[in-house]
S.K.: 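The structure follows.
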Amino acid sequence: MEKFTKLTGVAAPLPMVNVDTDMIIPKQFLKTIKRSGLGRNLFDEMRYDEQGNEIADFVLNQPAWRDAEILVAGENFGCGSSREHAPWALLDFGIRCVIAPSFADIFYNNCFKNGILPIALPQEQVDLLMDEARKGANARLSVDLENQTITTTDGTQIGFDIDPFRKHCLLNGLDDIGLTLKKAAEIDAFEGRAQAQRPWV
Amino acid sequence: MTAPRTLYDKIWDDHLVHEDKDGTSLIYIDRHLVHEVTSPQAFEGLRMAGRDVRRPEYTIAVPDHNVPTTPDRAKGIENEESRIQVEALDRNARDFGVNYYPVNDIRQGIVHIIGPEQGWTLPGMTVVCGDSHTATHGAFGALAHGIGTSEVEHVLATQTLIQSKSKNMKVEITGSLPPGVTAKDITLSIIGETGTAGGTGHVIEYCGEAIRELSMEGRMTVCNMAIEGGARAGLIAPDEKTIEYVRGRPHAPKGAAWEAALAYWNTLYTDEGAHFDKVVTLHGEDIAPVVTWGTSPEDVLPVTGTVPDPAEFEGGKVEAARRALDYMGLEPGQRLQDIEIDTVFIGSCTNGRIEDLRAAAAILKGRKVKDGMRAMVVPGSGLVRAQAEEEGLAEIFEQAGFEWRMAGCSMCLAMNPDQLAPGERCAATSNRNFEGRQGRGGRTHLMSPAMAAAAAVTGRLTDVRELMPETV
Ligand code: SF4
């Protein structure tokens with residue numbers, strides 16, 4: 001999993017509540033053998049018309065936000081099915097941070113498994129950041145996980161909460177595998193012992 | 001200083017990398033088998049995290065579940081999703097440099113058949129695969145079990161698995177098997193006795209005279225279905241037969257390494273007085289040729305029996321049996337031997353090895369498949385197929401009217417085009433008779449290869465002993 005330390009990037013405003021995982025990645029894209037490659041179909045039904053052409057109005061189709069790395073959204077983001085394809089699609093598109101008043105539980109957990117930082121903030125602060133995001137490429141947000149702050153271009157700083165263990169894992173890029181890899185010295189030592197005991201393996 | 005240990009305890013202890021206070025353990029994995037269905041997202045995960053396979057030399061990949069088994073399969077896979085999965089494995093295996101047997105390699109076959117065949121599976125190892133029938137490898141005294149896709153990625157990246165230790169269970173089969181009774185009848189009878197949850201939370205060690213008398217192929221059949229009894233894994237202590245099977249295999253140790261291995265393998269047995277949490281004993285003499293009548297592997301009866309009445313069961317099983325009979329299109333009291341069959345499938349990781357083909361061919365020699373029936377043999381690997389051709393078995397099958405297929409999982413789970421039609425009734429040597437397992441609406445009766453061959457000849461469930469060659 002990729003570390004998350006600091007991120008400065010364009011934030012896309014998506015002022016909708018209850019964005020569900022079906023919207024994030026519709027079910028016809030779940031037949032994939034991959035976790036990657038789903039970015040193309042992120043928000044597919046809002047993003048493309050029936051002929052597959054881009055819908056110009058949709059935020060991620062507008063020049064200012066095509067390369068957005070942060071998403072600012074309404075409450076209960078990520079509700080619906082538990083599909084991990086949703087964070088996979090966001091990540092593949094390039095979104096590393098989602099800011100919203102609240103998140104659906106499973107989606108919230110799935111984000112951490114995939115190196116995405118979900119930040120829950122009071123509504124008025126989200127509103128403020130939503131206004132910033134609407135300014136497009138001229139208003140980048142800076143997210144600093146270590147110091148738990150979001151800074152706007154005019155220097156306004158907003159603090160956020162995060163569980164210390166999750167913070168630790170994100171900062172160090174540790175998922176289950178990452179945690180086991182922290183025991184690399186023990187695994188190495190085991191391999192040394194095993195090599196002596198069972199050299200034919 | 002150490003207390004007497006079971007075989008499972010010993011293998012566990014020798015693979016323990018780390019143990020937390022709460023018992024959560026990190027276990028080292030000696031062999032990781034990979035197939036196309038459960039691995040794509042795991043490899044993808046590695047790519048996205050920029051990780052390598054820690055031990056590509058311990059990792060063995062083969063496509064088996066989706067591959068067509070028709071002789072013209074070199075032309076490619078028609079079903080797009082199947083083709084994509086196989087192509088993904090191809091690319092992943094090559095990109096990450098793991099051992100790989102592509103579809104057109106003669107060594108290709110069902111992952112649990114080729115592991116032992118190539119000498120990858122050795123006594124005392126830990127073996128995992130993203131597939132529940134990994135238990136098969138326990139026949140070598142290896143601790144072997146299935147894992148999920150996220151664990152596949154974990155093993156690829158770390159060569160370890162996070163585990164908690166299971167309990168010890170002993171299943172002893174005393175005495176000898178009567179003629180016509182095989183390893184498949186043993187393993188089905190055990191599940192019939194203990195139920196599909198009987199082994200839950202346990203690792204089973206199979207022992208006793210009847211197990212010792214089995215060939216390695218037969219022992220693999222027994223361990224293969226440990227999972228159907230709910231166990232995490234099944235084990236059989238290695239002995240002379242194990243060593244003879246392993247000797248000279250492509251990836252078996254050679255020279256001094258072989259000698260060292262032998263010395264270690266000789267320590268792989270359960271110590272006198274070691275504790276088992278659960279013990280089940282069956283008498284070999286009491287085991288008959290069996291078939292399943294329902295939609296759970298525990299729905300087992302001697303072929304001489306009759307379809308049970310759901311009312312004879314207790315609790316939730318009453319409804320389950322009623323539903324099973326309805327699905328299977330059977331009536332209580334019907335003689336099992338009167339049940340007519342449409343299709344015969346011989347193959348799978350349970351019974352797709354050379355000995356299984358020999359047993360079936362022995363029944364089929366000089367006989368014909370009953371008119372109007374569909375019968376197919378799907379060897380478990382390209383090498384099993386080649387050997388069967390060399391021994392003249394393929395000819396016997398073809399003359400009897402069987403289709404002689406290429407290696408793969410085939411109709412065991414019907415992910416490839418080999419499927420039952422709704423209502424079609426099949427005598428199968430595979431391991432699962434679940435609803436829809438062999439195709440939507442398909443009806444599966446599990447049995448041994450010899451019994452399946454007998455059913456092919458008569459067109460109904462048949463007591464193989466009626467057709468046995470005089471010599472037995
Ligand atoms: S033969 Fe059947 S049980 Fe065995 S690995 Fe293939 S699908 Fe699974």
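Residue numbers start from 1 in every chain, and the chains themselves are labelled A, B, ... in the order their sequence lines are given, proteins ahead of strands. These values consider heavy atoms only, across backbone and side chains, with no hydrogens, waters or symmetry-generated copies. Everything quoted here is computed from the prediction, not taken from an experiment.
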S.K.: For the CD1 atom of Ile33(A) and the CD atom of Gln41(B), what is their distance to the nearest 0.5 Å?
M.R.: 7.5 Å
S.K.: Flag yes if more than 12 heavy atoms outside Asp161(A) fall under 6.0 Å of its CG atom; otherwise flag no.
M.R.: no
S.K.: Please look at Ile84(B) and chain A and tell me whether the side chain, the backbone, both or neither of the residue comes under 4.5 angstrom of a heavy atom of that chain.
M.R.: both
S.K.: Is it the case that over 12 heavy atoms from other parts of the model lie below 6.0 angstrom from the CZ atom of Arg247(B)?
M.R.: yes
S.K.: Give, as side chain, backbone, both or neither, the part of Thr160(B) having an atom under 4.5 angstrom from any heavy atom of chain A.
M.R.: side chain
S.K.: What side chain to side chain donor-acceptor pair (under 3.5 Å) pairs are there with at least one residue in residues 249-268 of chain B, not counting sequence neighbours?
M.R.: Asp14(B)-Tyr264(B)
S.K.: Does any part of the side chain of Leu122(B), heavy atoms only, come nearer than 4.5 Å to the side chain of Val201(A), both counted from C-beta?
M.R.: no
S.K.: So which heavy atom on Asp176(A) is nearest to which on His154(B), and how close?
M.R.: O-NE2, 3.9 Å
S.K.: With a 4.5 Å cut-off on heavy-atom pairs, point out which of Gln197(A), Glu2(A), Arg198(A) contacts chain B the most.
M.R.: Arg198(A)
S.K.: Heavy-atom count around Asn18(A) CG within 6.0 Å, excluding the residue itself: above 12?
M.R.: yes
S.K.: If the contact rule is any heavy atom under 4.5 Å from chain A, which residues of residues 85-93 of chain B qualify, in numerical order?
M.R.: Gln85(B), Ala88(B), Arg91(B)
S.K.: Using non-hydrogen atoms only, which part of Glu186(A) is less than 4.5 Å away from chain B: side chain, backbone, both, or neither?
M.R.: both
S.K.: Which value, rounded to the nearest 0.5 Å, describes the distance between Thr180(A) atom OG1 and Ile162(B) atom CD1?
M.R.: 3.5 Å
S.K.: Any chance CZ of Arg66(A) has more than 12 other-residue heavy atoms, nucleotides or ligands included, within less than 6.0 Å?
M.R.: yes
S.K.: Specify the closest pair of heavy atoms between Val17(B) and Phe190(A), including all atoms of both residues, with the distance to one decimal.
M.R.: CG2-CG, 3.8 Å
S.K.: Output every pair passing ring-ring contact (aromatic ring centres under 6.0 Å, His included) with a member in residues 30-49 of chain B, not counting sequence neighbours, ordered by first then second residue.
M.R.: His35(B)-His65(B), Phe43(B)-Phe96(B)
S.K.: Between CH2 of Trp200(A) and CG of Asp30(B), what distance do you get to the nearest 0.5 Å?
M.R.: 10.0 Å
S.K.: With a 4.5 Å heavy-atom cut-off (strictly below), which parts of residues 44-64 of chain B touch chain A? List them by number.
M.R.: Glu44(B), Gly45(B), Met48(B), Ala49(B), Arg51(B), Arg54(B), Arg55(B), Tyr58(B)
S.K.: I'd like to know which of Ala256(B), Gly124(B), Ala257(B), Ala261(B) tops the heavy-atom pair count under 4.5 Å against chain A.
M.R.: Ala261(B)
